[in-house]
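Accompanying notes for the structure given below.
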There are 2 protein chains.
Amino acid sequence: MDFSIGALAREAEVKVPTIRYYEQIGLLAAPPRTEGGQRRYDAETADRLKFIRHARDLGFEIEAIRELLELTGAPERSCAAVDAIARRHLEDIEARMRRLAALRDELRRMVVECGHGRVSECRVLHTLADHRLCAHDHH
Amino acid sequence: MDFSIGALAREAEVKVPTIRYYEQIGLLAAPPRTEGGQRRYDAETADRLKFIRHARDLGFEIEAIRELLELTGAPERSCAAVDAIARRHLEDIEARMRRLAALRDELRRMVVECGHGRVSECRVLHTLADHRLCAHDHH
DNA sequence: CCTTGAACCTCTAGTCGCTGGAGGAAGTAG
DNA sequence: CTACTTCCTCCAGCGACTAGAGGTTCAAGG
């Protein structure tokens with residue numbers, strides 16, 4: 001069972017140039033080619049690509065993904081390292097959610113007020129500028 | 001009370017070249033200059049910049065922020081227009097939050113499962129590789 | 001006043017993670 | 001065998017910064 005680059009792209013829901021880009025930066029190994037030079041992928045590569053895509057979706061940076069992929073084969077301490085990476089992203093996501101909730105509430109209030117025919121003083125700027133809503137855990 | 005570009009950068013927790021970049025793309029107005037040509041900012045600009053930084057932190061694109069800033073700055077605008085823009089951003093925020101919630105749940109499960117230490121029980125990579133856990137609501 | 005050193009100026013180029021186009025070759029369905 | 005899609009490489013560009021070179025201005029201490 002082998003995939004053309006396009007079939008792989010559909011399978012993993014990734015764009016074709018993105019696959020070539022991943023090969024270029026060494027995140028995917030260079031696959032075998034047909035007589036005419038076209039790439040042919042196997043199911044294992046498809047899994048690896050799905051893993052990469054999923055991790056990117058989760059907000060992992062390429063280097064973190066490279067780490068995770070390397071840790072896949074490693075024993076014992078791997079788990080702690082992977083856990084640390086996941087925890088970092090979890091904290092970041094939770095902070096983002098808190099701030100989004102604050103902004104959402106403020107926008108909702110504006111829409112409601114608008115529905116009542118009065119566009120009063122806008123507090124969106126104040127909401128977003130508020131230090132207390134800021135989580136200072138940038139990576 | 002006026003800020004040098006460096007003071008403004010510290011105040012808003014933004015790097016100096018970023019401020020100049022924002023001026024370049026018209027997100028911040030060109031401020032008055034000293035006799036010698038150095039930029040001098042007021043507190044209002046500091047608030048605007050803080051707003052921009054927090055919105056960027058939340059993942060809003062520059063163009064979206066430009067619109068939000070117009071929204072916050074024009075309370076006398078047509079109610080319908082304000083409502084439309086606010087609603088669109090509200091939908092965007094709610095979509096982001098749903099997606100973040102899915103990612104958070106997934107990461108939480110990963111951390112919890114990983115936290116039990118045994119390598120044989122580490123399912124982080126498995127979790128990440130499992131496409132069924134993927135949140136399919138990309139914008 | 002004068003010196004010193006930090007902070008400022010402009011300009012260019014580089015970063016990350018893709019994305020798209022040009023121009024042409026290879027694969028495939030009828 | 002033709003027509004059409006997909007593939008190839010190479011290169012340029014995107015958004016949103018970020019860093020560096022090389023020079024100027026500001027503010028504080030002597």
Side-chain angles (χ1 to χ4, degrees), chain A residues 1-42 45-46 48-69 89 92 96 138-139, chain B residues 1-42 45-46 48-69 92 138-139:
Chain A
M1 199 75 138
D2 57 10
F3 304 88
S4 68
I5 197 168
L8 179 64
R10 277 187 300 278
E11 174 75 13
E13 295 176 87
V14 162
K15 287 181 184 168
V16 168
T18 302
I19 297 171
R20 290 197 275 251
Y21 169 72
Y22 286 161
E23 180 182 328
Q24 194 186 302
I25 64 169
L27 203 57
L28 288 177
R33 305 275 187 133
T34 61
E35 195 67 18
Q38 299 196 358
R39 291 168 179 84
R40 287 296 175 259
Y41 297 93
D42 56 15
T45 306
R48 191 180 169 93
L49 183 54
K50 282 179 205 167
F51 173 94
I52 293 167
R53 199 219 104 175
H54 196 178
R56 287 290 301 131
D57 260 11
L58 287 168
F60 288 91
E61 284 159 23
I62 295 290
E63 286 316 303
I65 295 168
R66 210 189 290 273
E67 258 175 50
L68 284 169
L69 285 167
H89 284 275
D92 182 48
R96 280 166 193 269
H138 315 298
H139 38 264
Chain B
M1 200 73 137
D2 56 9
F3 303 88
S4 68
I5 197 168
L8 178 64
R10 277 188 299 278
E11 175 74 13
E13 295 175 89
V14 164
K15 288 180 183 168
V16 167
T18 303
I19 297 172
R20 291 197 274 251
Y21 170 71
Y22 286 161
E23 180 182 328
Q24 193 185 302
I25 64 169
L27 201 59
L28 288 176
R33 305 275 186 132
T34 61
E35 194 68 16
Q38 300 197 356
R39 292 166 179 84
R40 288 295 175 259
Y41 297 93
D42 56 15
T45 305
R48 190 181 171 93
L49 182 55
K50 282 179 205 167
F51 172 91
I52 293 167
R53 170 168 118 58
H54 287 285
R56 285 293 303 129
D57 236 28
L58 290 171
F60 285 91
E61 286 158 20
I62 295 290
E63 286 316 302
I65 293 168
R66 214 188 284 273
E67 251 179 27
L68 280 170
L69 282 168
D92 182 38
H138 314 300
H139 41 261

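Sequence lines set the chain letters: A, B, ... in the order given, protein chains first and strands last, and positions in each chain run from 1.
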Please examine the side chains of B:Ile52 and B:Leu28, heavy atoms only from C-beta on, and report whether any two atoms are closer than 4.5 Å. yes
Side-chain contact check for A:Arg39: nearest option of D:dT9, C:dT19, C:dC9 is D:dT9
Taking 4.0 Å as the cut-off, does a side-chain nitrogen or oxygen of A:Tyr22 come that near to OP1 or OP2 on C:dC18? yes
Candidates D:dT18, D:dA16, C:dC8 - which lies nearest the side chain of B:Lys15: D:dT18
A:Arg53 atom CZ is separated from C:dG17 atom C1', nearest whole Å, by 16 Å
For A:Leu28 and C:dG17, give me the distance from atom CG to atom P, rounded to whole Å. 14 Å
Quick check: on DNA chain D, is the nucleotide nearest B:Glu63 upstream (toward 5') of the one nearest B:Thr34, or the reverse? Name the residue that is more 5'. B:Glu63
Contacts of B:Glu23 that satisfy side-chain hydrogen bond (donor to acceptor under 3.5 Å, both in side chains) - sequence neighbours left out: B:Arg39
If you assign each of A:Glu35 and A:Pro17 to its closest nucleotide in DNA chain C, which residue comes earlier from the 5' end? A:Pro17
Within this structure, what is the CD-to-C1' distance between B:Gln24 and D:dT18, rounded to whole angstrom? 13 Å
When you measure from the side chain of B:Arg53 to the backbone of B:Ala12, do you find a donor-acceptor pair of N or O atoms at a distance under 3.5 Å? yes
NE2 of B:His54 versus P of D:dA16: gap in Å, rounded? 18 Å
For A:Ile19, the option from A:Leu49, A:Thr45, A:Leu27 that meets side-chain contact (heavy atoms from CB on, under 4.5 Å): A:Leu49
Roughly, in whole Å, what's the span from CD1 in A:Ile19 to P in C:dG17? 17 Å
Selection from C:dG17, D:dC7, D:dA16 that lies nearest to any side-chain heavy atom of A:Glu61: C:dG17
Determine the contact category for B:Arg56: base if any of its heavy atoms lies under 4.0 Å from a base atom, sugar-phosphate if only primed atoms, P, OP1 or OP2 are that close, otherwise nothing. sugar-phosphate
Counting side-chain heavy atoms from CB outward, which of D:dC17, D:dC8, C:dG17 is closest to B:Ile62? D:dC17
Rounded to whole Å, how long is the line connecting atom CZ of B:Arg40 with atom C1' of C:dA7? 10 Å
Between B:Arg10 (CZ) and C:dA6 (P), how many Å, whole number? 14 Å
Judged by each residue's nearest nucleotide on DNA chain D, which is more toward the 5′ side, A:Ser4 or B:Thr18? A:Ser4
B:Phe3 CZ to D:dC26 P, in whole Å, measures 19 Å
So B:Gln38 and B:Ile5, do their side chains get closer than 4.5 Å, heavy atoms only? no
Closest to side chain of B:Tyr21, choosing from D:dT18, C:dC8, D:dC7: D:dT18
Considering just the side-chain nitrogens and oxygens of A:Arg33, establish if one lies under 4.0 Å of OP1 or OP2 belonging to D:dT9. yes
